[in-house]
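These numbers come from a predicted model, not from an experiment. Protein chains get the first letters and strands the later ones, always in sequence-line order, with residue 1 at the start of each. Both backbone and side-chain heavy atoms feed into the values below; hydrogens, waters and symmetry mates do not.
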2 protein chains.
Amino acid sequence: MLSNSSKYAIKGVLYLALNSNADHKVLVRDIYDTIHVPEAYLAKLLQELSRHGIISSTRGPKGGFYLSDEDRKHTLLEIVKVIDGEHRLNSCVMGIRNCDMDNPCVLHKLVGGNKSKFINVLESTTILDLVDGKKGVEEFFPL
Amino acid sequence: MLSNSSKYAIKGVLYLALNSNADHKVLVRDIYDTIHVPEAYLAKLLQELSRHGIISSTRGPKGGFYLSDEDRKHTLLEIVKVIDGEHRLNSCVMGIRNCDMDNPCVLHKLVGGNKSKFINVLESTTILDLVDGKKGVEEFFPL
DNA sequence: CATAAAAAGGATAAAAATATCTTTTAATCT
DNA sequence: AGATTAAAAGATATTTTTATCCTTTTTATG
């Protein structure tokens with residue numbers, strides 16, 4: 001339903017939301033220290049998000065990844081779509097061909113309702129929403 | 001959240017629920033023809049379920065897989081647990097360590113409710129429930 | 001008792017997901 | 001300009017999941 005990669009990406013973005021802005025960019029290394037996602041792998045995921053304009057980055061000294069105010073308006077669903085692609089979320093929970101919301105299989109009816117809600121949460125929650133009122137990264141990543 | 005293997009297994013069991021009983025066993029080949037799960041792979045999954053007592057089987061001529069009346073009382077969750085193991089479903093949606101229902105991370109709160117409901121559905125739905133009132137396998141596996 | 005049917009089991013192969021390493025490009029600061 | 005820093009990009013490696021194949025064991029039946 002949600003790949004590890006997507007989860008990693010969300011964690012990374014959350015870290016950025018709490019610890020970065022245009023004047024304070026952060027290195028992958030720093031993110032890694034806190035969220036414990038393999039450094040090189042996380043870098044790949046962030047690069048991908050950056051390429052798609054979900055997050056921002058600059059190269060060179062004083063460079064790093066960060067979130068602009070605009071970036072913070074993106075939703076969790078956008079992150080997931082970039083990393084996992086459209087198909088993973090839209091396809092039938094049971095992987096049954098020609099089964100969708102309009103012509104659902106029995107299992108879909110059983111389980112699909114919860115899935116849609118899950119997607120709705122992802123779709124209606126922006127980075128900003130998540131971080132709003134939170135002060136430290138600890139609230140998100142308890143050790 | 002649910003592996004392909006689990007989905008395959010559920011499909012196979014559904015087929016058995018609709019097409020088998022102690023007096024009418026079915027071959028993996030027959031199931032394969034309908035649900036389009038790779039034959040040898042499906043055989044492995046059904047063997048696993050059989051070993052765990054979720055479904056029944058007998059070897060030799062006139063043998064095959066089938067569901068006894070007792071078998072039909074098993075829940076979808078039991079199938080998933082045999083195939084995917086306990087951990088996959090119980091772990092934090094976000095894969096965060098030391099995060100569980102009692103001490104949930106922020107994302108857990110956001111998304112965990114739906115997940116629990118999903119598990120509840122699996123837990124409270126028996127094979128019998130699913131099949132009840134259905135006449136043909138087509139209702140489950142639209143092509 | 002021989003034979004054939006069918007699951008069970010073991011070993012292997014292919015594909016996808018996850019992770020790492022190396023090289024290139026761009027920005028900043030002397 | 002040149003040196004340095006850091007992300008971007010590309011190539012490669014590892015692991016896990018998914019899938020297949022082949023042999024063995026069990027069992028019903030002629």
Side-chain angles (χ1 to χ4, degrees), chain A residues 1-12 15-16 20 22-33 35-67 80 82-85 87-88 91 94-95, chain B residues 1-13 16 20 22-33 35-67 71 80 82-85 87-88 91 95:
Chain A
M1 196 139 166
L2 210 61
S3 71
N4 275 320
S5 296
S6 273
K7 296 176 191 174
Y8 287 176
I10 291 176
K11 285 193 197 180
Y15 181 95
L16 289 178
S20 81
D23 296 325
H24 181 71
K25 292 147 196 169
V26 304
L27 309 186
V28 177
R29 169 67 49 86
D30 297 331
I31 309 180
Y32 159 77
D33 285 342
I35 71 176
H36 302 103
V37 167
E39 190 175 344
Y41 193 54
L42 179 61
K44 281 270 134 127
L45 297 171
L46 293 181
Q47 281 165 25
E48 191 80 10
L49 292 177
S50 178
R51 200 137 28 82
H52 282 81
I54 310 282
I55 69 177
S56 305
S57 69
T58 59
R59 296 172 165 189
K62 301 282 169 194
F65 292 97
Y66 65 100
L67 293 187
V80 172
V82 165
I83 303 299
D84 286 346
H87 186 256
R88 183 159 185 150
S91 64
M94 289 302 293
Chain B
M1 194 140 165
L2 212 60
S3 71
N4 273 320
S5 296
S6 272
K7 296 176 191 173
Y8 287 176
I10 291 176
K11 284 192 197 180
V13 171
L16 290 177
S20 81
D23 296 324
H24 180 74
K25 292 147 193 168
V26 303
L27 308 186
V28 177
R29 170 67 48 87
D30 297 331
I31 310 180
Y32 159 76
D33 286 341
I35 72 176
H36 302 104
V37 167
E39 190 175 344
Y41 193 55
L42 179 61
K44 282 271 136 126
L45 298 171
L46 293 181
Q47 280 166 28
E48 191 79 12
L49 292 178
S50 178
R51 200 136 30 82
H52 283 81
I54 310 282
I55 69 177
S56 305
S57 69
T58 60
R59 295 171 165 190
K62 301 281 168 198
F65 292 98
Y66 65 99
L67 293 187
D71 291 338
V80 172
V82 165
I83 303 299
D84 287 348
H87 186 256
R88 183 160 186 147
S91 64

- May I ask you to test the Tyr15(A)-Asp30(A) pair for a side-chain heavy-atom distance under 4.5 Å? yes
- Rounded to whole Å, the CD-P distance (Glu48(B) to dG9(C)) equals 9 Å
- Message: Tell me the interatomic distance from Asp84(B), atom CG, to dT17(D), atom P, rounded to whole angstroms.
- Response: 9 Å
- Task: Look at the side chain of Gln47(B) and the base of dA7(C), then say whether one donor and one acceptor between them are separated by less than 3.5 Å.
- Result: no
- Distance below 4.0 Å between Ser57(A) side-chain N/O and dA6(D) OP1 or OP2: no
- Message: Rounded to whole Å, please give me the gap between CD in Glu39(A) and P in dT22(C).
- Response: 14 Å
- Query: Lys44(A) has an atom NZ; how far is it from atom C1' of dT20(C), in whole Å?
  - Reply: 9 Å
- Can you tell me how far C1' of dC21(C) sits from CZ of Arg29(A), to the nearest Å? 14 Å
- Could you tell me the separation between the CG atom of Leu49(B) and the P atom of dA7(C), rounded to a whole number of Å? 14 Å
- Under 4.0 angstrom between Arg51(A) side-chain N/O and dA9(D) OP1 or OP2: yes
- Whole angstrom is fine here: how far is it from CG in Leu27(A) over to P in dA27(C)? 17 Å
- Message: So if I take every side-chain heavy atom of Arg59(A) and compare against dT18(C), dA26(C), dA8(C), which nucleotide ends up nearest?
- Response: dA26(C)
- Query: Under a 4.5 Å cut-off applied to non-hydrogen side-chain atoms, are Arg29(B) and Glu39(B) in contact?
  - Reply: yes
- Query: So, is Tyr41(B) close to the dT17(D) phosphate, meaning a side-chain N or O under 4.0 Å from OP1 or OP2?
  - Reply: no
- Message: If you compare every side-chain N and O of Thr58(A) against the phosphate oxygens of dA6(D) (OP1, OP2), does one of them come in below 4.0 Å?
- Response: no
- Which residue lies more 5' along DNA chain C, comparing Lys25(A) with Ser5(A) via nearest heavy atoms: Ser5(A)
- For the side-chain hydrogen bond (donor to acceptor under 3.5 Å, both in side chains) test, which of Ser56(B), Ser20(B), Ser50(B) pairs with Asp71(B)? Ser56(B)
- Task: With rounding to the nearest 0.5 Å, note down the distance linking CG in Asp84(A) to OG in Ser3(A).
- Result: 3.0 Å
- Query: Would a 4.5 Å heavy-atom cut-off, applied to side chains only, mark Thr58(B) and Tyr66(B) as touching?
  - Reply: yes
